[in-house]
Amino acid sequence: MNNFIFYDTETTGVKELDFLQVIQFAAIQSTASFQSQDSFEQLCAPLPWTLVSPKALLINKKSEIFNSDISHYQMISNVHDVWTNWTTQEPALFITYNGMRFDEEVMRRQFYWNLYDPYFTNTNGNTRLDIFLKMFVIAHFYKSEFPIPLMDNKVSLKLEDLARALDLDTSNAHDALADCVFLKELMKGISERLPNYYQEILKTVSKDALIDSLKNELVQFNCYFIPRSKTTRAYPFTALINDYALNKYVPVFDLSKDPELYMELNYSELESVINNPKENPFKRIATNKTLPIIAAKTLETDNKKIEDLTLYNQRAEAIHANEAFKEKVLDIYNSVEFANKPKLYIEEQIYSNGFPSAIEKDRLQNFHSALTYEEKLNVMASFDDERYKEFGRRICAQEYTHQVDQANLIKLKELVHQRFSGDGPWPNAEKNLEEGEALLQEVTDDGEKKLVKIAMNSIENSL
């Protein structure tokens, strides 16, 4: 693996994930030895139906977006083109900071809204890594080997603070390209200071490799960070996997508990335990995402003393020797149904209705290749999925403002009115204006006050 892509986004907000827009994107391509090969950075204008929150603008300071002549569709198309070019010769490892919760999910939605494949970063040999989650492990087990910043005697895992602890200039923090530089240097620092754990990280970035590690490493530790107290915790576990399940979600047993207490339970008794969060010694982890875990063997290699490791190994061996127990647990988890609330708005439906067919993918590509408004309309008419037709109409409204038919213009004006004046799962205009008023009372810098007012004016002009 010799193709790393570090990327970061600045967005219109942080809460309503399905309705946030990326307004600045940046990425750096490097080799595995962290030699930069290329970089890309771009800003775009906000969509007319997207609210820019005062707090977001105060943090990212990208007021120039309101004067940008680059549309959202143009920027996302450019990102797609750059990533395609960077991964043509060799698949890449896409590296983010807090990406599993935010940047990865946001970029998937940007691609989806603009009729590109949302799963670019984990298909066609590409893999992904969220360093933020790996920092839970480092902060818990490697405080003496790695500079973990303390703020008021509490652990801080903010990228800006970590960059400062690595002696980087952080005066341009919250700029997407600057944050990519911080992230690359953080990854480099891990590789130099914690080579054994770094190798484990790289070996488990793909789902298949992670599942192999869960199978082969009898005892591992899952770490987590508690934001309120700014502390870390860890528990030992062993994974329960068979070759017949899809293994997207894998049950694990917390080895700080005695498995003998559960092995003789019948099916219904065990099911009752699993369905009771307070008593449940089992947890469920997702193998298609970065996990904050480390193998006990890696810790031993790094001479980390682990109390009760012999006991944990004995418990894990007892679990794996009891096939009947494992099968009961796996069967219970495989039969659990996880109900999802229906999603009413197309922005929310990224994971609904499955994947587009090969024919539909070709039509989407033809849409991007079409050079005129009329050509795009003709391609859109062939789409089977009504969501894609609606996104296509929105794209055409951005790209061919003076050619859009009256009926579509009316629909888009209704969309703007809904998103700024109606209640729904999108950002609430009135609450954001109230937030802006509160920020004006808090901030003292004139430049910061101006940023808050710019965001508030953009909301008021859309009401």
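From a predicted model like this one, the values you see are computed outputs, not experimental measurements. Residue numbers start at 1 and run along the sequence shown. Computed over heavy atoms, backbone and side chain alike; hydrogens, waters and symmetry mates excluded.
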Without hydrogens or angle criteria, can the side chains of Ser206 and Asp208 be said to hold a donor-acceptor pair below 3.5 Å? no

Have Thr9 and Asp103 got a donor and an acceptor in their side chains that come within less than 3.5 Å? yes

Please determine whether salt bridge (charged side-chain N to carboxylate O under 4.0 Å, His left out) holds for the pair Asp445 and Lys450, giving the CA-CA distance in whole Å, both sets of side-chain angles, and the decisive distance to 0.1 Å. CA-CA 9 Å; Asp445 181 82; Lys450 183 178 179 181; over 6 Å; no

Checking side-chain polar atoms at under 3.5 Å, does Tyr116 have a donor or acceptor matched by the opposite partner on Arg108? no

Student check: side-chain heavy atoms of Arg315 and Glu260 closer than 4.5 Å: no

Tyr262 versus Val329: any side-chain heavy-atom pair under 4.5 Å? no

Would you say the rings of Phe367 and Tyr388 are close, in the sense that their centroids are separated by under 6.0 Å? no

So, do Leu194 and Tyr198 sit near enough that their side-chain heavy atoms are less than 4.5 Å apart? no

Kindly say whether Leu218 contributes a backbone atom to a donor-acceptor pair with the side chain of Thr238 at under 3.5 angstrom? yes

Check whether NZ of the Lys or CZ of the Arg Arg233 lies under 6.0 Å from the centre of the six-membered ring of Tyr224 and within 45 degrees of that ring's axis. no

Are Tyr97 and Phe6 close enough, and set up right, to give a ring pair (Phe, Tyr, Trp, His ring centres under 6.0 Å), and what steps lead you there? CA-CA 9 Å; Tyr97 199 78; Phe6 302 87; over 10 Å; no

Rounded to the nearest 0.5 Å, how far does CG of Leu270 lie from CZ of Phe282? 5.0 Å

If only atom types and distance count, is the side chain of Glu448 paired as donor or acceptor with the main-chain N or O of Leu58 below 3.5 Å? no

Would Tyr7 and Trp83 count as a ring pair (Phe, Tyr, Trp, His ring centres under 6.0 Å) here? Give the steps. CA-CA 11 Å; Tyr7 80 89; Trp83 278 4; 5.1 Å; yes

Testing the 3.5 Å rule here: is there a donor-acceptor pair between the side chains of Ser30 and Gln37? no

Determine whether Lys55 and Val452 make a side-chain contact, defined as any pair of heavy atoms from C-beta on separated by less than 4.5 Å. no

Treating Asn322 as the side-chain partner and Ala318 as the backbone partner, does any N or O pair qualify as donor plus acceptor under 3.5 Å? no

Salt-bridge present (Arg394, Glu347; N to O < 4.0 Å): yes

For Ile294 and Leu299, the nearest pair of non-hydrogen atoms, with its separation, is CD1-CD2, 3.6 Å

Enter the distance from Leu133:CG to Ile138:CD1 here, rounded to the nearest 0.5 Å. 11.5 Å

Side chains of Thr232 and Ile226: does their closest heavy-atom pair fall under 4.5 Å? no

Check whether more than 12 heavy atoms from other residues, nucleotides or ligands sit under 6.0 Å from atom CG of Leu261, and answer yes or no. yes

Salt bridge Asp161-Arg164, side-chain N to carboxylate O under 4.0 Å: yes

Can you see which heavy atom on Glu435 is nearest to which on Ser53, and at what distance? OE1-CB, 4.2 Å

Examine distances only and state if a side-chain atom of Thr87 and a backbone atom of Pro91 form a donor-acceptor pair shorter than 3.5 Å. no

Sidechain-backbone polar pair: Ser213 side chain, Ala209 backbone, donor-acceptor under 3.5 Å: no

All heavy atoms of Ala26 vs all of Cys180, minimum pair found to be O-SG, 3.3 Å

Distance-only side-chain donor-acceptor flag, Glu90 / Asn2, under 3.5 Å: no

Assess Arg419 against Trp426: is NZ or CZ under 6.0 Å from the centre of the six-membered ring, and within 45 degrees of the ring's axis? yes

Any donor-acceptor N/O pair, Glu200 side chain to Ala295 backbone, under 3.5 Å: yes

Applying ring pair (Phe, Tyr, Trp, His ring centres under 6.0 Å), run through Phe132 and Phe225 and close with a yes or a no. CA-CA 10 Å; Phe132 176 61; Phe225 180 70; 7.1 Å; no

Is a side-chain donor-acceptor pair under 3.5 Å present for Ser77 with His368? no

For Glu41 and Gln24, which I'm curious about, is there any donor-acceptor pair between the side chains at under 3.5 Å? yes

Residue pair Ile131 / Leu186, side-chain heavy-atom distance below 4.5 Å: yes

NZ (Lys449) with more than 12 external heavy atoms under 6.0 Å: yes

Is the distance between the ring centroids of Tyr112 and Phe391 under 6.0 Å? yes

Shortest non-hydrogen pair, Ser68 vs Ile70, comes out as OG-N, 3.1 Å

Salt bridge present between Lys230 and Asp152 (N-O < 4.0 angstrom): no

Pair Thr231, Ser229: side-chain N/O donor-acceptor within cut-off below 3.5 Å: yes

Using only atom types and a distance under 3.5 Å, with no angle test, would you say the side chain of Ser36 pairs donor to acceptor with the backbone of Asp38? no

Between Arg363 and Glu360, is there a salt bridge with N-O shorter than 4.0 Å? yes

I'd like to check Leu166 versus Arg193 (side-chain heavy atoms, cut-off strictly below 4.5 Å). Are they in contact? yes

From Met187 atom CE to Ile190 atom CD1, the distance as rounded to the nearest 0.5 Å: 7.0 Å

Taking atom types as modelled and ignoring hydrogens, do the side chains of Gln74 and Gln42 form a donor-acceptor contact shorter than 3.5 angstrom? no

What's the spacing between Phe136 CZ and Thr290 OG1 if we round to 0.5 Å? 11.0 Å

Sequence neighbours excluded, every pair satisfying salt bridge (charged side-chain N to carboxylate O under 4.0 Å, His left out) that has a member inside residues 109-118: Asp18-Arg109, Glu105-Arg109

Are the side chain of Asn275 and the backbone N or O of Glu271 linked by a donor-acceptor pair below 3.5 Å? yes

Does Lys283 qualify as a cation-pi partner of Tyr235, given the criterion of NZ or CZ under 6.0 Å from the six-membered ring centre and within 45 degrees of its axis? yes

Option from Tyr73, Trp86, Phe120 for which ring-ring contact (aromatic ring centres under 6.0 Å, His included) with His80 holds: Phe120

Mind listing the closest non-hydrogen atom pair of Lys289 and Leu210 along with its distance? O-CD2, 4.0 Å

Side chains of Gln365 and Asp362, heavy atoms from C-beta outward: is any pair under 4.5 Å? no

Let me confirm one number: the CD1-CD distance from Ile319 to Gln314, rounded to the nearest 0.5 Å. 12.5 Å

Which atoms form the tightest heavy-atom contact between Phe34 and Ser191, and what is the distance? CE1-OG, 3.4 Å

Ion pair check, Asp302 and Lys304, cut-off under 4.0 Å: no

One should read off an interatomic distance between Lys328 NZ and Glu323 CD, to the nearest 0.5 angstrom, of 12.5 Å

Examine distances only and state if a side-chain atom of Lys134 and a backbone atom of Leu291 form a donor-acceptor pair shorter than 3.5 Å. yes

Quick one about Gln29 and Ser39 (side-chain donor to acceptor, distance below 3.5 Å, no hydrogens or angles considered), yes or no? no

Non-neighbouring partners of Lys453 that pass side-chain contact (heavy atoms from CB on, under 4.5 Å), sequence neighbours left out: Leu440

